[in-house]
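First up is the structure itself, then whatever we jot down about it.
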Amino acid sequence: QVQLVESGGGLVQAGGSLRLSCAASGRTFSRYTMGWFRQAPGKEREFVAAIMWSGGSTYYADSAKGRFTISRDNAKNTLYLQMNSLKPEDTAVYYCAAGAGAYGSRRSTAYDYWGQGTQVTVSS
């Protein structure tokens, strides 16, 4: 079992930055692929970014490339998402997820554990 708790969301103006964190506890964090997903009102949950257990490989949605950076600190059992140049369309609840067999997958079904989410609101 893995418990995930997101933090760092908030209200920011367009063009601003936020850094999301996801604290993990339970089973060995370093063995899991970690991902960030988001869900806007009335829309399906969508993939944002993923990172392999070693941190050596990262994957991004086209909407996140060049603006967002996913990273992890296995010593601290923490996942991060640095978000720059934020746009109003980035407004959503952001979730972190852990998957032992996800291997950088963009599919939400590949992830076994989910946090409760943190709200990100970008004003225009």
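The pair Lys87-Asp90 does not meet the salt-bridge criterion, since no charged nitrogen lies less than 4.0 angstrom from a carboxylate oxygen.
In this structure, the side chain of Thr118 engages the main chain of Gly9 through a donor-acceptor pair within 3.5 Å. Glu6 places a side-chain N or O within donor-acceptor distance of the main-chain N or O of Gly117, the cut-off being under 3.5 Å. Judged by distance alone, the side chain of Asn74 and the main-chain N or O of Asn77 form no donor-acceptor pair under 3.5 Å.
Under a cutoff of 6.0 Å and an axis angle of 45°, Arg106 and Tyr59 do not form a cation-pi pair. Figure legend: Arg38 and Tyr95 shown without cation-pi pairing, the cationic atom not lying both under 6.0 angstrom from the six-membered ring centre and within 45 degrees of its axis.
Tyr32 and Tyr80 fall into different hydrophobic clusters, where Ile, Leu, Val, Met, Phe, Trp and Tyr residues are linked whenever their side-chain heavy atoms come under 4.5 Å apart, directly or through other members. Grouping the Ile, Leu, Val, Met, Phe, Trp and Tyr side chains by contacts below 4.5 angstrom, directly or via other members, places Tyr113 with Ile51. Cluster annotation: Tyr94 is connected to Val12 through the hydrophobic network of ILVMFWY side chains, with a link wherever side-chain heavy atoms come within less than 4.5 Å.
Across every non-hydrogen atom of Tyr60 and Ala64, the tightest pair is CD2-CB, 4.3 Å. Taking each heavy atom of Ala40 and Ala92 in turn, the nearest pair found is N-CB, 3.8 Å. Between Ser63 and Arg67, the shortest heavy-atom distance links the atoms O-NH2, 2.7 Å. The shortest heavy-atom contact between Ala14 and Pro88 is CB-CD, 4.1 Å. Across Ser17 and Asn84, no two heavy atoms sit closer than the pair OG-OD1, 2.9 Å. Scanning all heavy atoms of the two residues, the minimum distance from Gly104 to Thr33 falls at N-CG2, 3.4 Å.
Every residue meeting the ring-ring contact (aromatic ring centres under 6.0 Å, His included) condition with Phe37, not counting sequence neighbours, appears here in chain and number order: Phe47, Tyr111, Trp114.
From Leu4, atom CG reaches atom OG of Ser25 across 7.5 Å, with rounding to the nearest 0.5 Å. With rounding to the nearest 0.5 angstrom, the CZ atom of Arg19 is 11.5 Å from the CE atom of Met83. The distance from atom CD of Glu46 to atom CD of Glu44, rounded to the nearest 0.5 Å, is 10.0 Å. Atom CZ of residue Phe68 and atom CG of residue Leu81 lie 6.0 Å apart, to the nearest 0.5 angstrom. Here the CD atom belonging to Gln119 is positioned 11.0 Å from the CD atom belonging to Gln39, to the nearest 0.5 angstrom. Rounding to the nearest 0.5 angstrom, the gap separating the NZ atom in Lys76 from the OG atom in Ser21 is 9.5 Å.
Ser123 and Gln13 are not linked by any side-chain donor-acceptor pair at a separation below 3.5 angstrom, with hydrogens and angles left out of the test. A donor atom on one side chain and an acceptor atom on the other are not found under 3.5 Å apart for Asp73 and Thr78.
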* Asked: side chain to side chain contact (heavy atoms under 4.5 Å, CB included) between Cys22 and Trp36: does it pass, once the steps are laid out?
  -> CA-CA 9 Å; Cys22 174; Trp36 286 100; 3.8 Å; yes

* To do: Would you please test Leu86 and Leu18 for side chain to side chain contact (heavy atoms under 4.5 Å, CB included) and show each step?
  => CA-CA 8 Å; Leu86 283 162; Leu18 281 175; 4.2 Å; yes

